[in-house]
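Take a look at the structure below.
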Amino acid sequence: MPFINFASVNPLTDLTELNLNWKEADLPERERTKHVHRLHPYLGKFIPQLAEVFLRKYAREQVVDPFCGSGTALVEASILGIDSFGADISEFNVLLSRVKTKDYRLGNLEVALWEAYQATEARLKASSLDAEEATSEYLARWYTDKARRELLAYREQINRFSFSEVMQIILARAARSARRVAHFDLDFPTEPVTEPYYCRKHKKICYPTEQALPFLKRYTGDTIRRIQTYVQLRTEAEVSVVCGDSRQVEFPFCDLVLTSPPYVGLIDYHEQHRYAYELLGLADRRQAEIGPACQGKSKAAQAAYVEGITDVLDNVSRKVVAGGTIVVVVHDRYQLYPGIGKKLGLSPEVILRRQVNRRTGRRATNFYENIYIWKKLT
Ligand SMILES: C[S@@+](CC[C@H](N)C(=O)[O-])C[C@H]1O[C@@H](n2cnc3c(N)ncnc32)[C@H](O)[C@@H]1O
C-alpha cells in the first residue's frame, strides 16, 4: 500500500519500509498543490509530502536547501516548526519562495490585493495606456495588444500598494496564462498560437487567449485563499531565502540538507519563467545555472554538471553538524551521484528508489527517481 500517513513519520521510522510510489489516486494533484504550493506553476518541484517525510525523519532545528526552487522544503519546514534556509540562482524562484513563506496580516493583504486589482480596472477605463512604449520584443510576440495592456496596467500598480511581492507573483501567474500558447503546451512553447487549434488537453477546438484581466482577477482571489490557508498552518519558525550561486553562498549550520538539484540537460530554469523576467525586470543569472537544458546531455555537459554539483554539496555539507543528514532527490539517469558522494567522503545510509507517475501532456512519462541519503559522521 502506498504510504500516506505522513504525520506518523518520526526519527525512528524505517524509510525502506515505506512505499513512496504514489499514483494519482493515492496522492491527487489537489493534495500535491495544496495552499501556497500552487501560488505559481513551477516545473521540477518536490512533492511536498515527500519533503515532509524527510523533515519529520531527519530535521531537528535547521534545514538547508541549496536548490530551493519554488520553496517546497521551506514551506513544509515552516509548518513543522523547523527553521529553514534556501538558496537559488534564479531571482524569480527566490521571489516565489519568499512570497510563499512570509507571515502575513491577512486582512490587510486581502484589502490591498483587491484594491490593486480595482485600480488596474480603473486605469484601463480611464485613459489609453501606451503599451507600445513599455513593450519588449518578447511581450509583443507572445501577447495580444489587449492582454499586454492589461498586464502593464497591473504592473503600474505594483509599487503603489503594500504586498508588492505578492502582486509580482499574481502578475507573473496571469502573464503565464495569458500567453498565446496552446493549453497543452504551457511548459515549453516554441511558437505563439494565433489561430483556433485542436487542444489535446481539452479534446476540443480551443482559442488562443486574448486577455489577461480575468486571470488577474482569478489569481487575486486564489492567492488570497491559498495564503489564508497557509498562514493558519505555519509556525513561528524562521525562513530565509537568498539569491545566489550555491557554490559560493554562505550557508548556516544545519542538521539536514534536503534538496532536489537540477539535472543534466533537462530544464532551463530561467527560461521557464521568461515572461516574469520580462515583466518584472529581474536580474538574469542563467549563465550560473548548473546543468541547464541549453547545454545538452553530452559527456562534457555531464562532467561540468558533476563538478558543479560536487562544489555545491561540498560547500553546504561543511555546514552540516556531525551526525547530520544530506538527502538528495534526483532522477539520476546517468548514475552520477554515487561518485559525487564518494568524492565528498559522505557515508551512504541508504538509497531509496521511487517511481514517479506523471499524468498529462508532454510530461506523461513514468520514470524512477533516486533518493540518496548520506550521513555526515564527523
Ligand atoms: C529541481 S529544482 C529545485 C526544485 C525545488 N525542490 C522545489 O520544490 O521547487 C533545481 C533548482 O536549482 C536551481 N539552480 C541551478 N543552478 C544553481 C546554482 N548554481 N546555485 C543555486 N541554485 C541553482 C534552479 O534555479 C532550480 O530552481
Side-chain angles (χ1 to χ4, degrees), residues 7 29-42 45 48 51-52 68 70-86 91-126 150-178 211-243 273 276 279-280 282:
E29 185 172 7
R30 66 168 184 284
E31 289 297 319
R32 302 193 309 268
T33 57
K34 58 188 175 177
H35 52 81
V36 290
H37 290 299
R38 174 53 75 73
L39 275 197
H40 188 286
Y42 176 97
K45 71 169 167 233
E52 182 182 347
C68 72
S70 64
T72 312
L74 315 182
V75 169
E76 290 302 307
S78 76
I79 292 172
L80 295 174
I82 300 157
D83 290 346
S84 63
F85 183 100
E91 203 164 315
F92 180 72
N93 298 349
V94 168
L95 172 71
L96 180 56
S97 296
R98 284 206 182 115
V99 167
K100 282 183 179 179
T101 52
K102 259 200 183 148
D103 199 3
Y104 295 96
R105 303 269 300 271
L106 289 176
N108 298 357
L109 176 82
E110 188 168 3
V111 170
L113 292 183
W114 281 122
E115 279 180 2
Y117 175 77
Q118 279 151 10
T120 306
E121 280 189 332
R123 174 73 178 92
L124 287 161
K125 274 188 202 134
E150 291 167 350
L151 293 170
L152 294 174
Y154 188 82
R155 187 176 74 175
E156 270 189 16
Q157 313 309 319
I158 281 182
N159 291 320
R160 299 194 178 139
F161 290 87
S162 30
F163 307 103
S164 57
E165 290 196 327
V166 185
M167 287 181 67
Q168 290 181 325
I169 294 299
I170 293 173
L171 176 63
R173 189 172 171 198
R176 184 180 197 273
S177 300
Q211 37 183 350
L213 208 54
F215 293 116
L216 287 163
K217 187 174 188 181
R218 192 196 310 164
Y219 297 151
T220 295
D222 186 67
T223 300
I224 293 166
R225 279 190 294 278
R226 288 177 179 279
I227 290 179
Q228 280 169 342
T229 310
Y230 168 70
V231 166
Q232 308 301 323
L233 300 171
R234 89 187 291 292
T235 61
E236 296 289 300
E238 258 181 52
V239 186
S240 311
V241 195
V242 300
C243 187
H273 302 126
L279 276 167
L280 302 175
L282 304 173

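Note: hydrogens, waters and symmetry copies are ignored here, and every other heavy atom, side chains too, is used. By convention here, the first residue in the shown sequence is residue 1.
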Would you say the side chain of [Y] lies within less than 4.5 Å of the side chain of [X], judging by non-hydrogen atoms?
{"X": "Leu280", "Y": "Glu91", "value": "no"}
{"X": "Val75", "Y": "Pro48", "value": "no"}
{"X": "His35", "Y": "Gln232", "value": "no"}

In terms of side-chain geometry, is the basic nitrogen of Arg218 or Asp222 positioned less than 4.0 Å from the acidic oxygen of its partner?
-> no

Are the charged groups of Lys217 and Glu121 less than 4.0 angstrom apart, N to O?
->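 A salt bridge is absent here (no side-chain N lies under 4.0 Å from a carboxylate O).
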
Kindly give the heavy-atom pair with the smallest separation between [X] and [Y], and that separation in Å.
{"X": "Met167", "Y": "Ala116", "answer": "CE-CB, 3.4 Å"}
{"X": "Ser97", "Y": "Ser70", "answer": "OG-C, 3.3 Å"}
{"X": "Leu279", "Y": "Ala175", "answer": "CD1-CB, 3.4 Å"}
{"X": "Leu96", "Y": "Ile169", "answer": "CA-CD1, 3.8 Å"}
{"X": "Ala112", "Y": "Phe161", "answer": "O-CD2, 3.8 Å"}
{"X": "Ala174", "Y": "Ala212", "answer": "CB-O, 4.5 Å"}

Under a 3.5 Å distance rule, please check whether [X] uses its side chain to pair with a backbone N or O of [Y] as donor and acceptor.
{"X": "Glu156", "Y": "Leu152", "value": "no"}
{"X": "Thr235", "Y": "Ser78", "value": "yes"}
{"X": "Arg155", "Y": "Leu171", "value": "no"}
{"X": "Glu150", "Y": "Leu213", "value": "yes"}
{"X": "Ser164", "Y": "Arg160", "value": "no"}

Rounded to the nearest 0.5 Å, what separation is found between the [atom1] atom of [X] and the [atom2] atom of [Y]?
{"X": "Thr223", "Y": "Ile170", "atom1": "OG1", "atom2": "CD1", "value": "4.0 Å"}
{"X": "Arg173", "Y": "His273", "atom1": "CZ", "atom2": "NE2", "value": "12.0 Å"}
{"X": "Thr33", "Y": "Leu39", "atom1": "OG1", "atom2": "CG", "value": "11.0 Å"}
{"X": "Leu233", "Y": "Leu80", "atom1": "CG", "atom2": "CG", "value": "10.5 Å"}
{"X": "Arg38", "Y": "Lys45", "atom1": "CZ", "atom2": "NZ", "value": "6.5 Å"}
{"X": "Asn108", "Y": "Leu113", "atom1": "CG", "atom2": "CG", "value": "10.5 Å"}

Is the distance between the ring centroids of His37 and Tyr230 under 6.0 Å?
->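 Ring centres of Tyr230 and His37 not closer than 6.0 Å.
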
Any idea how Phe163 and Tyr104 line up, ring-wise: parallel (<30°), tilted (30 to 60°), or perpendicular (>60°)?
->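 Phe163 vs Tyr104 ring planes: tilted.
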
Relative to the ring of Phe92, is the ring of His40 parallel (under 30°), tilted (30 to 60°) or perpendicular (over 60°)?
-> perpendicular

Would the number of heavy atoms belonging to other residues, nucleotides or ligands and lying under 6.0 Å from CD of Gln118 be above 12?
->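 Yes.
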
Output, in order, the C-alpha distance, side-chain angles, deciding distance and verdict of side-chain contact (heavy atoms from CB on, under 4.5 Å) for Thr229 and Arg226.
-> CA-CA 5 Å; Thr229 310; Arg226 288 177 179 279; 5.7 Å; no

Any luck finding a side-chain donor-acceptor pair between Tyr42 and Thr72 under 3.5 Å?
-> no

Pair Leu109-Lys102, side-chain contact (heavy atoms from CB on, under 4.5 Å): steps then yes or no = CA-CA 12 Å; Leu109 176 82; Lys102 259 200 183 148; over 6 Å; no

